[in-house]
Number of protein chains: 2
Amino acid sequence: MTSDKSDDARSINQRVTIREVAAKAEVALSSVSRALSGHPDVSDEMRKRVKEVADELGYEPNLVAQSLRSGVTRTIGFVVRDINNPMFALLARSCEHELRRNGYSMILVNSDGNIENENRNFSLLRRRRVDGLIASLVSEDSPYLRKNLAGPTEEAARLDREVKWVNASAVLADHAAGVHEAVTHLINKGHREIAFVTGSNNVYPTRNRLQGFTKAFEDANIKIQPDLMAIGGFDAEYALSHARILLHRNPAPTAILAGGHGALMGISRALKEKNLTMGKEIAFIALDQLPYLEVFSDNISTVYRDTEAIGREAARLMLEGIEGEAPRVSIIETQFIGRTSSQGGL
Amino acid sequence: MTSDKSDDARSINQRVTIREVAAKAEVALSSVSRALSGHPDVSDEMRKRVKEVADELGYEPNLVAQSLRSGVTRTIGFVVRDINNPMFALLARSCEHELRRNGYSMILVNSDGNIENENRNFSLLRRRRVDGLIASLVSEDSPYLRKNLAGPTEEAARLDREVKWVNASAVLADHAAGVHEAVTHLINKGHREIAFVTGSNNVYPTRNRLQGFTKAFEDANIKIQPDLMAIGGFDAEYALSHARILLHRNPAPTAILAGGHGALMGISRALKEKNLTMGKEIAFIALDQLPYLEVFSDNISTVYRDTEAIGREAARLMLEGIEGEAPRVSIIETQFIGRTSSQGGL
DNA sequence: ATCTTAACTGGAAACGTTTGCTATAGGGAA
DNA sequence: TTCCCTATAGCAAACGTTTCCAGTTAAGAT
């Protein structure tokens, strides 16, 4: 409870600066800077002396001043579409880890699915002079995008988004492949009434999944039934209301696909309402391996992608870009993992 | 002296500074600064003119320079014990939201349960001159704590940790109350062999839960059985191996408590191995309302606390502290929520 | 012995803001 | 008229670094 006076005056007052180190070591400011930053033009003697004094005084360089002078903040902004999706937590985590391993910090901001928020977030991060932006955009046709992605001063990397006119790095998952696999699996088992609930198609993952979905039908020479597709909302409410409608259809769907976290939540609630069990009365596949599924719902068939790899890869692309390398696009593969929830339904 | 060439280069590559705004508006630097920062000593005419020019040039203030000059970064560091625990994701999210609402950014760093990492994280954030630190410490007796929490220059707030000798704000959950309620519930139903798997007691939540646990036995005048308590590890592996041992005990436990995310994972795996179903052969209670439980495992009895409120409250304490108010401790209540998993077992 | 060079070291000017101080103009009071 | 405010505006000095440039010294080359 009692604050200690045991430390010297320094800890009560301001922080130690390079100037004080220089004074105590009786050398020039510039020498301290060079000694501490590993500059070659410093004698061993000098480096040793300065380091000793710096340690003794508990000197900790001011990154703010360093940034101002050097023009580099060693900070990356991470703009996330909607952090309610636990997928993003995982992504952010692995990305932060990789960045910090390379001496960068990450500032994470959440757009809450709102374009205006997203724009404000970009602006904030730009004012903070981050060295780079990693973004999972709310929409690929926001009116602010041009301003926010075409900035000349910082690197940009997109997470699972296509923006044709901007030449920045991106990590894209090959959703289509996994979805194709999953749907083909269902078709082969005899399913014809396959429902699909997903977010809006103003972002790449939705469009890409739809491609996989329709291609599977085409390849099987089966006509797709548009009224079994609910495309438009990422939230559980959208999914719940549309799943209800789909389940009342005649003929009822024998299988149902959830295009992400919100869809998964909404659909599972709708199924519970009608007392339908996944893998029994209806086949179910989650088109994303949400992290919480590992814990309890290990019966759920999913389209898997290595989310941590995506975060790590995004960080790598970012660092490469900062190093001056040309932007590139990295594709992460996906894979259907059949478990019991995709059985039954027929 | 810089040449025309470099001036050109600057206007293409570099960002607009206050100096360029001043030049174009034909006023002094200081006037631009005052006009844009809302300083009172500025005529309406001046403010209007400056704002117009600033907008026209797309001026965005350099927060790095502002920070250096003003000594304030409007950034809070959030040091999290182990981000693998989904609890922390939720916490961080609500905290970030509240901070940003008040004009602050958050830098989140993960200690991975390691004291050395934690120390490095503190050091990094201090070098970044954050205005405050919010920390869920790895341990309450780390040797680095004195250095890291007693800093004179930034505010500190603790998340669910007791450190008696430091006078900083804290948010503490009243785990004991909820656990007491839960255990009393079990005792009243006739349980006597109640097992408890939890993390190590070098942090407050473990100790506090233990208090509630033992008090419930005392109040019921029943002797506690120490060999039913596994205290020591936060990870699922620890919980798994100790749950196995506990389940082989004779007499076998009729109920089992999980003291957090890792314990929950480990125990549920151990139960599955022995083909025991929660709520049937054995009663089960999670001493934390992990966020993923809402999605699928809505049958699990828990001790609930409002995690988002904790994050929000931490942010508030931080902001209060920055405003100059005295540190204070905020208690969040907990509550036993009985569902089907805590039935059976007898 | 003198010149060159190499290996440092120190001084001072940036980086982009904020802010204390001083200067000016115009208006009201004396 | 003279004097003193008040309301603005501008100048210049910080903030804590890095880095360019110019010295200094000692050693090697001639």
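Here is how names work: the chains are called A, B, and so on, in the same order as the sequence lines, proteins then strands, and each is numbered from 1.
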Rounded distance (Å) that lies between atom P of D:dC15 and atom CZ of B:R128 = 23 Å

note: A:D44, atom CG; C:dA7, atom P; distance rounded to Å ~ 13 Å

Closest to side chain of B:R69, choosing from C:dT17, D:dT17, D:dT8 | C:dT17

For atom CG of B:D41 and atom C1' of C:dC21, their distance in whole Å | 12 Å

B:S33 vs C:dT18: side-chain N/O to OP1/OP2 distance below 4.0 Å = yes

Protein-nucleotide distance (B:L63, atom CG; C:dT18, atom P), rounded to Å | 10 Å

Specify the separation, in whole Å, of atom CD of A:E26 and atom P of C:dT9.
-> 15 Å

B:E60 atom CD is separated from C:dG16 atom P, nearest whole Å, by 14 Å

Counting only heavy atoms not in B:D141, do more than 12 fall under 6.0 Å of its CG?
-> yes

Between B:L68 and B:H39, which is nearer to the 5' end of DNA chain C once each is assigned its nearest nucleotide?
-> B:L68

Passes side-chain contact (heavy atoms from CB on, under 4.5 Å), A:L159 versus A:R81? Steps please.
-> CA-CA 10 Å; A:L159 278 176; A:R81 188 201 130 71; over 6 Å; no

Within the structure shown, what part of the strands sits under 4.0 Å from B:N62 by heavy-atom distance: base, sugar-phosphate, or nothing?
-> sugar-phosphate

Is the distance from OP1 or OP2 of C:dG10 to the nearest side-chain N or O of A:S31 less than 4.0 Å?
-> yes

If you measure only the distance, is there a donor-acceptor pair under 3.5 Å linking the side chains of B:T73 and B:D131?
-> yes

Looking across every strand, which nucleic acid part, if any, lies under 4.0 Å from B:V27 by heavy atom: base, sugar-phosphate, or nothing?
-> sugar-phosphate

Are A:S30 and C:dA12 close enough that a side-chain N or O sits under 4.0 Å from OP1 or OP2?
-> no

For side-chain contact (heavy atoms from CB on, under 4.5 Å), just list the numbers for B:E118 and B:Y144, CA-CA rounded to whole Å, side-chain angles, deciding distance to a tenth of an Å, and then say yes or no.
-> CA-CA 9 Å; B:E118 181 177 272; B:Y144 305 113; over 6 Å; no

For the pair B:R316 and B:N102, evaluate side-chain hydrogen bond (donor to acceptor under 3.5 Å, both in side chains) and give the outcome as yes or no after the intermediate values.
-> CA-CA 10 Å; B:R316 295 238 182 87; B:N102 287 275; over 6 Å; no

Short side-chain N/O contact from B:S70 to OP1 or OP2 of C:dT17, under 4.0 Å | no

When A:M46 and A:L29 are each assigned the nearest nucleotide of DNA chain C, the 5'-most assignment goes to A:M46

Atom CG of A:L36 to atom C1' of D:dG16: distance rounded to whole Å?
-> 13 Å

A:V42 near the nucleic acid: base, sugar-phosphate alone, or nothing, with a heavy-atom cut-off under 4.0 Å?
-> sugar-phosphate

Hey, is the side chain of A:R34 pairing donor to acceptor with the base of C:dG10 inside 3.5 Å?
-> yes

Whole angstrom is fine here: how far is it from CD1 in B:I18 over to C1' in C:dT19?
-> 12 Å

